[in-house]
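Take a look at the structure below.
Remember, it's 1-based here, ligands and their atoms both numbered in the order they're listed. Reckoned from all heavy atoms, side chains included, excluding hydrogens, waters and symmetry mates.
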Amino acid sequence: MVKKKKIGSLIVLSGPSGAGKGTICNKLLEDDDSLNLSISMTTRAPRGVEVDGKDYYFVSRDEFEKRINDGEFLEYAKVHGDNYYGTPKDKVLEYLNNGEDIILEIDIQGALKVKDVMPEGIFIFIMPPSMRELRDRLVKRNTETKDKIIERFKNAYKEINEVTKYNYIVINDEVSSAVEKVKAIILAEKCRVDRIEDFELNNEEELLHELLVDMR
Ligand code: 5GP
């Protein structure tokens, strides 16, 4: 009677640096085999144990710019300074057209660009519990220099205001409860009426009659 659309869901998890979107994303992927992660491309250098093709595709600036000109990105942005980050378009479309879900963990500028071209996506803003907590998390993370941390914090302070452009907000005060909320959002989205491709209306009087006869 009801035929669901075969297209997968595009889930965009975004928010300011230090809000915990990476941790939430990893937990979601760990818990749900049916979710796929979009691997971004970047010009920044790999950190520590990061692996090319798993954490990011690490490329040179020339190569990134060539790919921009070739229209290979769904979105791209310069994040925290001069490095490019971008979402390769082909993988995203491949998953969606195969009916599979794909999750993008990207910054706010990028998420809003995706929303312009694919408004049917599920846009989730991961919000830190407070600006003070966000500052402490950025400092504790210890992956950047002090100047970089200050820059990220200043960006985050302004970017929080973009939350009104998203469909959902999840406050990350505790990771496990934030993960449960994101799972609930994804589940609810799958039940939306506009994900039904074909619905046979109950307008056959003959069938109604037949079913009623059987009841007697
Ligand atoms: P990091 O350098 O710490 O791995 O990431 C820095 C920021 O870039 C994070 O906020 C992350 O979400 C964002 N980011 C990662 N991949 C992409 C992408 O493909 N596009 C955009 N716009 N941002 C990204």
Side-chain angles (χ1 to χ4, degrees), residues 10-29 35-61 63-65 67-68 70-96 102-118 121-128 134-135 137-163 165-166 170 172 175 178 182:
L10 173 77
I11 302 145
V12 181
L13 213 60
S14 177
S17 188
K21 53 190 189 294
T23 312
I24 293 173
C25 188
N26 289 340
K27 189 78 182 77
L28 286 170
L29 293 164
L35 273 182
N36 301 285
L37 176 69
S38 157
I39 300 172
S40 296
M41 195 166 279
T42 182
T43 57
R44 85 144 162 79
R47 282 189 207 122
V49 293
E50 285 181 334
V51 176
D52 184 46
K54 181 172 169 276
D55 297 284
Y56 283 104
Y57 295 107
F58 296 99
V59 297
S60 67
R61 176 168 297 264
E63 181 167 351
F64 200 103
E65 286 174 348
R67 286 171 189 263
I68 295 175
D70 292 346
E72 287 186 24
F73 293 108
L74 180 61
E75 64 73 36
Y76 68 90
K78 279 190 176 170
V79 185
H80 307 311
D82 211 27
N83 278 316
Y84 283 118
Y85 292 77
T87 306
K89 194 165 29 185
D90 56 350
K91 275 281 165 204
V92 173
L93 298 182
E94 195 182 307
Y95 278 120
L96 294 178
I102 181 153
I103 186 158
L104 272 54
E105 189 251 286
I106 60 177
D107 91 318
I108 295 169
Q109 321 164 59
L112 296 178
K113 286 183 198 162
V114 176
K115 194 162 181 248
D116 281 344
V117 286
M118 297 176 99
I122 308 168
F123 294 85
I124 307 173
F125 193 99
I126 306 297
M127 183 72 105
L134 182 72
R135 183 202 62 185
R137 285 184 194 172
L138 285 173
V139 172
K140 263 191 225 143
R141 210 156 66 165
N142 209 14
T143 47
E144 281 88 21
T145 61
K146 193 152 188 194
D147 282 352
K148 287 262 178 226
I149 295 172
I150 291 171
E151 188 186 313
R152 284 185 179 218
F153 183 67
K154 277 169 45 188
N155 275 344
Y157 195 85
K158 291 195 201 118
E159 281 181 336
I160 293 275
N161 299 322
E162 303 285 16
V163 62
K165 298 178 183 152
Y166 284 68
V170 169
N172 183 20
V175 175
V182 175

- Message: Would Ser17 count as being in polar contact with ligand 1, using the rule that some N or O on each side must be under 3.5 angstrom apart?
- Response: no
- Return a yes/no value for Ser40: is any of its N or O atoms, backbone included, closer than 3.5 angstrom to an N or O of ligand 1? yes
- Note on the structure: Rounding to 0.5 Å, atoms CE (Met118) and CG (Leu74) come to a distance of 6.0 Å
- Query: Does any N/O atom on Tyr76 come nearer than 3.5 Å to any N/O atom on ligand 1?
  - Reply: no
- Can you tell me the protein heavy atom closest to atom 20 (N) of ligand 1 and the distance? Glu75 OE2, 2.7 Å
- Message: Could you identify the single nearest non-hydrogen protein atom to atom 2 (O) of ligand 1 and state the distance to 0.1 Å?
- Response: Tyr85 OH, 2.5 Å
- Query: Touching ligand 1 at all, Arg152? Heavy atoms, strictly under 4.0 Å?
  - Reply: yes
- salt bridge (charged side-chain N to carboxylate O under 4.0 Å, His left out) pairs, two or more places apart, involving residues 35-58: Arg44-Glu50, Arg47-Glu144
- Item | With sequence neighbours excluded, residues passing salt bridge (Lys or Arg N to Asp or Glu O under 4.0 Å) with Arg67 | Glu63, Glu72
- Message: Tell me the protein heavy atom at minimum distance from atom 7 (C) of ligand 1, and give that distance in Å.
- Response: Val79 CG1, 3.6 Å
- Backbone or side chain, does any N or O of Arg141 fall under 3.5 Å from an N or O of ligand 1? no
- Centre of Phe73's six-membered ring, under 6.0 Å away, within 45 degrees of the axis: is that where NZ or CZ of Lys89 sits? no
- Query: Closer than 4.0 angstrom: is that true for some heavy atom of Gln109 and an atom of ligand 1?
  - Reply: no
- Note on the structure: To the nearest 0.5 Å, atom CD of Glu105 lies from atom NZ of Lys21 at 5.5 Å
